[in-house]
Amino acid sequence: MKRLIPTILLIFCNVLFAEVSCGDLISKNTTLYRDLWCKTGSFGIKIINSNVEFDLNGHTIYGNLNPDYFEGVIVDNYDHVIIKNGSINGSDVAIVVGSSNDVIIEDVNIRHLYKPETRIDDKGNPYTPYITGINIGELAGSPSKGIFIRNCNFEFIPLPHLDAIMISNSFVEIENIQVHGSSNGVNFGGEVPNYGNGIVTNSKFSNVASAGVLVRCSSDVLIKNNRFYRNEIGICSDPNSSGYVKNLVVEENFINKCNEGIKFYGTMDSEIKKNIIEYKNAGRGIMLIQQCDDTGSNCFPSTNNVVKRNKVKAGDMDLQHDTYSLGNTWKRNKYKQSMGSEIK
């Protein structure tokens with residue numbers, strides 16, 4: 001017992017009990033004791049030190065909906081940070097992390113139930129802002145590693161310009177999240193060589209307007225043991241150029257009532273295995289097709305991929321590849337309808 005007393009005192013001495021307000025900078029462990037209504041300003045809380053735990057303590061940060069760009073919680077260039085246990089509503093970006101390592105985001109609920117409205121930039125030009133629940137790697141700088149997002153819920157309206165999680169120039173592990181609505185549930189983006197990489201497991205995606213998981217620029221992504229329900233596409237790779245998506249593994253996912261199950265554009269050196277895809281009345285199961293850049297002059301196929309041991313019952317077409325996407329291996333899949341010379 002004598003050893004326990006100083007330990008307890010040390011923990012409590014490192015926790016900030018002072019009143020926390022919108023726009024505060026915090027540098028030590030901090031617990032929120034009331035909701036924050038941020039009617040003005042560009043951010044809710046900014047963490048400005050390493051080894052900080054920010055506990056929302058069941059409370060909510062409310063962002064402002066005026067034309068200003070608002071970020072709920074910011075971590076830029078600090079390590080060993082925890083953000084947990086609360087909600088962030090109505091922000092352009094609820095949580096943004098850049099150039100930081102060993103950051104945990106857990107038990108956080110993020111909601112944005114408003115249509116993105118047209119805004120005017122500094123030059124007087126109209127634009128539509130891109131709303132994101134959690135943005136990892138948005139800030140310029142070195143890659144972020146050791147990022148964990150777990151046990152979080154996202155509720156968005158299913159419209160364009162609304163992504164639950166956006167990842168670039170980082171490696172992020174995502175586990176046990178639920179996404180309802182949004183444009184894309186998880187978006188692995190970036191530009192070569194600043195890949196957005198990571199793992200998505202044991203999560204649920206429903207009513208997503210585009211893809212439950214979208215992979216646009218990645219060299220190392222595992223999507224395993226997730227459930228996708230009533231999305232436009234379950235899982236989609238959509239690279240801008242050849243080589244932008246490779247080493248993608250899609251394994252043991254259950255995809256139900258999505259118009260398209262798994263769709264690879266211009267993807268190479270990847271695997272689709274042991275997935276179950278069901279949509280009795282409509283939809284397409286697994287597709288490997290070529291991708292073309294914005295000009296349409298540079299096209300590249302999906303090649304050197306393995307599609308094996310999947311069970312597909314789609315209404316329109318179970319397995320499909322176009323005439324350009326050759327050199328792939330299709331084996332031991334269970335299906336009824338197929339289109340493509342290499343499918344066996």
Nearest-0.5 Å distance that lies between atom CG in Asp76 and atom NZ in Lys46: 7.5 Å

Would you call Glu106-Arg150 a salt bridge at under 4.0 Å N-O? yes

Does a sphere of radius 6.0 Å around OH in Tyr324 hold more than 12 heavy atoms from other residues, nucleotides or ligands, not counting ones at 6.0 Å or beyond? no

Pairwise side-chain contact, Ile174 with Ile167, heavy-atom cut-off 4.5 Å (strictly under): yes

Just how far is it from atom CD1 of Ile134 to atom CD1 of Ile177, taken to the nearest 0.5 Å? 7.5 Å

Is a side-chain donor-acceptor pair under 3.5 Å present for Arg216 with Asn240? yes

For Glu252, is there any backbone N or O sitting under 3.5 Å from a side-chain donor or acceptor partner on Asn275? yes

What are the two closest heavy atoms between Asp24 and Phe43, and how far apart are they? O-CE1, 3.8 Å

If we count only N and O atoms by modelled type, under 3.5 Å, do the side chains of Ser210 and Asn184 hold a donor and an acceptor together? yes

Start with the C-alpha distance between Asp238 and Gln291, add both sets of side-chain angles, then the distance that settles side chain to side chain contact (heavy atoms under 4.5 Å, CB included), and finish with yes or no. CA-CA 8 Å; Asp238 187 19; Gln291 175 72 302; 2.4 Å; yes

Test log, rule side chain to side chain contact (heavy atoms under 4.5 Å, CB included), inputs Ser182 and Asp163: CA-CA 5 Å; Ser182 76; Asp163 282 2; 5.6 Å; no

If only atom types and distance count, is the side chain of Asn176 paired as donor or acceptor with the main-chain N or O of Asn151 below 3.5 Å? no

Please confirm whether the backbone N or O of Ser100 pairs with a side-chain atom of Asp79, one donor and one acceptor, at under 3.5 Å? no

Can any side-chain N or O of Asn64 pair as donor or acceptor with the backbone N or O of Gly41 at less than 3.5 Å? yes

Determine yes or no for a side-chain-to-main-chain donor-acceptor pair under 3.5 angstrom, with Asn225 supplying the side chain and Thr201 the backbone. no

Classify the ring geometry between His321 and Trp330 as parallel (under 30°), tilted (30 to 60°) or perpendicular (over 60°). tilted

Determine whether the side chains of Asp269 and Asn247 contain a donor N or O and an acceptor N or O closer than 3.5 Å. no

Does Tyr265 have more than 12 heavy atoms from other residues, nucleotides or ligands lying within 6.0 Å of its OH? no

Thr329 side-chain N/O to Val306 backbone N/O, donor-acceptor pair under 3.5 Å: no

Quick one, Glu271 with Glu251, criterion side chain to side chain contact (heavy atoms under 4.5 Å, CB included). Give me CA distance, side-chain angles, the key distance, then yes/no. CA-CA 8 Å; Glu271 287 187 282; Glu251 180 179 3; over 6 Å; no

State, yes or no, whether a side-chain contact exists between Phe156 and Val208 at a heavy-atom distance under 4.5 Å. no

Considering residues, nucleotides and ligands other than Arg34, do more than 12 of their heavy atoms fall under 6.0 Å from its CZ? yes

State the CZ-CD1 distance between Arg227 and Ile276, to the nearest 0.5 angstrom. 9.0 Å

Main chain of Ser99, side chain of Ser144: is a donor-acceptor contact present, judged purely on distance under 3.5 Å? yes

Would you mind reporting whether Ile47 and Ile83 have side-chain heavy atoms less than 4.5 Å apart? yes

Ile289 vs Lys263 side-chain heavy atoms within contact, under 4.5 Å: yes

Working to the nearest 0.5 Å, report the span between OG1 of Thr132 and CD of Glu71. 9.5 Å

Any side-chain heavy-atom pair of Cys38 and Ile61 under 4.5 Å: yes

Could you list the cluster mates of Phe148? Members are the ILVMFWY residues connected by side-chain heavy atoms closer than 4.5 Å, either directly or through other members. Ile82, Ile104

Classify the ring geometry between Trp37 and Tyr62 as parallel (under 30°), tilted (30 to 60°) or perpendicular (over 60°). parallel

Would you say Glu232 and Asn259 are linked by a side-chain donor-acceptor pair, where the criterion is simply a distance under 3.5 Å? yes

As a quick check of understanding, evaluate side chain to side chain contact (heavy atoms under 4.5 Å, CB included) for Ile88 and Ile95, giving each step before the final call. CA-CA 8 Å; Ile88 303 174; Ile95 299 173; 3.6 Å; yes

Could you see if Val81 belongs to whatever hydrophobic cluster contains Phe171? Use Ile, Leu, Val, Met, Phe, Trp, Tyr and a side-chain cutoff under 4.5 Å. no

Donor-acceptor pair, side chain of Asn305 and main chain of Ile272, under 3.5 angstrom: no

So, Asp107 versus Asn85: side-chain donor-acceptor pair below 3.5 Å or not? no

Do we see a donor-acceptor contact under 3.5 Å between the side chains of Ser218 and Asn197? yes

Decide whether Tyr195 and Asp220 meet the rule of one side-chain donor and one side-chain acceptor closer than 3.5 Å. no

Please check if the side chain of Asn135 supplies one atom and the backbone of Val93 the other of a donor-acceptor pair under 3.5 Å. no

Give a yes or no on whether the backbone of Gly327 and the side-chain of Glu342 come within a donor-acceptor separation of less than 3.5 Å. yes

Would you check if Asn253 and Phe205 make a side-chain contact, meaning some heavy-atom pair closer than 4.5 Å? no

Considering only heavy atoms from C-beta outward, does the side chain of Met268 approach that of Ser242 to under 4.5 Å? yes

